[in-house]
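What follows is a set of notes on a single structure, which appears directly below.
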Amino acid sequence: LVSSSTLSVCLPAIEKLGHSHDTDVVPVLVQALGQEKRAVVRQYLVDALGRLRSPDSVPALTQALSDRNVQVRQSAVVALEAVGSEDAENALFQHAGKETEYAVKTHLIGVLARSRNPKATERLKVLAEDADPQIKARAQKALKNKKKSPGELIVK
């Protein structure tokens, strides 16, 4: 069902699996993501993987950070934060320096600002020097707010 050519069939099926709390469905969703041509379906698949919060989805979600569709990349950022593993964080930290789209950078700034990993601060410093003045200002504000919070600890 998740690979149906009919959106009214595959999207609800993907939603249901994402809300199932059953990590046994991760391989099915990952396989579908690797084969899917439609951006909206890829986004639903990434969102579902994020809701399942399985470390097994990190390689596929990391690959989704390079998707040609901005919304899929935004969803991948959110999903990797939800997984919260060290590998998921590292994927986000590495991607922060590569992303070119404003909307995705904004999501990354939010994730980095919430992270207690010291590497997040380093990535925020890179974004605080971004060529886009709005991204630069957002990252600088996030850095300023991080300095006000208690000491950073790696969690999870």
With a 4.5 Å limit on heavy-atom distance, are the side chains of [X] and [Y] in contact?
X   : Y   : answer
L33 : L29 : no
S85 : V58 : yes
L17 : V2  : yes
R42 : R68 : yes

Run R116 and E89 through salt bridge (Lys or Arg N to Asp or Glu O under 4.0 Å) and show every step you take.
CA-CA 10 Å; R116 298 187 69 144; E89 277 194 326; over 6 Å; no
Could you state whether [X] and [Y] fall into the same hydrophobic cluster, counting links through intermediate Ile, Leu, Val, Met, Phe, Trp or Tyr residues with side-chain heavy atoms under 4.5 angstrom apart?
X    : Y   : answer
L1   : V46 : no
I135 : V78 : no
L127 : V70 : no
L112 : V83 : no
V41  : V28 : yes

With no hydrogens and no angle check, is any side-chain donor or acceptor of [X] less than 3.5 Å from a backbone partner on [Y]?
X    : Y    : answer
R123 : K119 : no
S115 : N117 : yes
R73  : D67  : yes

Rounded distance [0.5 Å steps], [atom1] in [X] versus [atom2] in [Y]:
X    : Y    : atom1 : atom2 : value
I109 : L143 : CD1   : CG    : 9.0 Å
R51  : S20  : CZ    : OG    : 10.0 Å
N69  : E101 : CG    : CD    : 10.0 Å
D87  : T62  : CG    : OG1   : 8.0 Å
K146 : T121 : NZ    : OG1   : 4.0 Å
H19  : D47  : NE2   : CG    : 9.0 Å

Looking just at side-chain N and O atoms, do Y102 and R138 make a donor-acceptor pair shorter than 3.5 Å?
yes
For L7 and R38, run side-chain contact (heavy atoms from CB on, under 4.5 Å): C-alpha distance rounded to whole Å, both residues' side-chain angles, the deciding distance at 0.1 Å, then the answer.
CA-CA 10 Å; L7 291 178; R38 298 164 292 180; 3.7 Å; yes
What's the shortest heavy-atom distance between [X] and [Y], and which atoms?
X    : Y    : value
A139 : A128 : CB-N, 3.4 Å
E36  : L45  : CB-CD1, 4.2 Å
S75  : Q43  : OG-CG, 3.3 Å
S57  : L49  : CB-CD2, 3.8 Å
C10  : S3   : CB-N, 4.5 Å
K105 : E99  : CE-O, 2.9 Å

Pair K125 + E122: basic N to acidic O under 4.0 Å:
yes
Steps toward side-chain contact (heavy atoms from CB on, under 4.5 Å) verdict (K136, Q140):
CA-CA 6 Å; K136 186 175 185 174; Q140 288 173 349; 3.6 Å; yes
Checking V111 against L80 for the side-chain contact (heavy atoms from CB on, under 4.5 Å) test, could you report, in this order, the C-alpha distance in whole Å, the side-chain angles of both residues, the deciding distance, and whether it holds?
CA-CA 9 Å; V111 170; L80 285 163; over 6 Å; no
